[in-house]
Amino acid sequence: MSKISSSTACIFLFLFSILTTSCNSNSTVSVNEQALKIRTSINDNKVENLYTLTSLPLIVREQEWQSADDGRGFILGKVNQIVLSTKYEFSTYMTPLLKNIVIEGQESISEGITLDIFTDELGKQSSNWNDLNLVLFKRGEGDVEHIILMGLSKETNKLRAIYIN
């Protein structure tokens, strides 16, 4: 049996440390850094990359705006909520959705973002967001201000819920 040289042992140790670091990379990424990665994946229409930043099942809640009954301004309209449980469901749903979404906001907002602020938007589904870190992005303004609210797992920082209006 041959002995391993010290230089070979150093190379193995170096490679092992790189692998260990890359496997644990999510735990060292802050909530806002992770949210920016998710934003980039959405803006670049990178469904596969977004999938790697997501933990299934993923709750997706889309909400439209509609004209107010009095004709003055806009109110929240029709809601579409879906739970994506498989990679196939994720890819099938997200591929066309990402083509229609752009997040103009360059910075994530997480300070002071609580579920109480979004009771109208999340309605009875807010309990699904209780144990998540909340991050808000402004999508841009037209007649109304559009937002994306992300719910990230507190353990992994992976996307678990997303609200889009």
Measuring only between side-chain heavy atoms, which start at C-beta, is [X] closer than 4.5 Å to [Y]?
X      : Y      : answer
Ile113 : Leu149 : yes
Ile82  : Glu89  : no
Thr40  : Asn43  : no
Thr54  : Leu84  : no
Leu50  : Leu159 : yes
Leu36  : Phe137 : yes
Asn165 : His146 : yes
Val135 : Arg39  : no

*Could you tell me whether Glu107 atom CD has more than 12 heavy atoms of other residues or ligands within 6.0 Å of it?*
no
_For Asp69, I'd like to know if atom CG has over 12 heavy atoms of other residues, nucleotides or ligands within 6.0 Å._
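12 or below, so no.
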Heavy atoms only: give me the nearest [X]-[Y] pair and the separation to one decimal.
X      : Y      : answer
Tyr163 : Gln63  : OH-OE1, 2.6 Å
Glu121 : Arg61  : O-NE, 2.8 Å
Gly151 : Leu134 : CA-CD2, 4.4 Å
Ser110 : Asn32  : OG-OD1, 3.2 Å
Leu56  : Phe90  : CD2-CD1, 4.1 Å
Asn133 : Ser153 : ND2-O, 4.1 Å

*Before giving the answer on side-chain contact (heavy atoms from CB on, under 4.5 Å), spell out for Ile42 and Met150 the whole-Å C-alpha distance, their side-chain angles and the decisive distance to 0.1 Å.*
CA-CA 12 Å; Ile42 290 171; Met150 297 178 190; 4.3 Å; yes
Separation of [Y] [atom2] from [X] [atom1] (nearest 0.5 Å):
X      : Y      : atom1 : atom2 : answer
Leu152 : Ile162 : CG    : CD1   : 9.5 Å
Ile38  : Ile148 : CD1   : CD1   : 10.5 Å
Leu136 : Ile117 : CG    : CD1   : 8.0 Å
Lys124 : Thr119 : NZ    : OG1   : 13.5 Å
Lys158 : Gln34  : NZ    : CD    : 8.0 Å
Ser126 : Phe118 : OG    : CZ    : 12.0 Å

Check whether [X] and [Y] end up in the same hydrophobic cluster, where Ile, Leu, Val, Met, Phe, Trp and Tyr are linked by side-chain heavy atoms less than 4.5 Å apart.
X      : Y      : result
Leu98  : Leu58  : yes
Leu97  : Ile103 : yes
Ile109 : Leu115 : yes
Ile101 : Leu53  : yes
Ile147 : Phe74  : yes

*Would you call Lys87 and Glu48 a salt bridge, using N to O less than 4.0 angstrom?*
yes
_With a 3.5 Å distance limit and no angle check, can you tell me whether Arg160 reaches the backbone of Pro57 through a side-chain donor-acceptor pair?_
yes
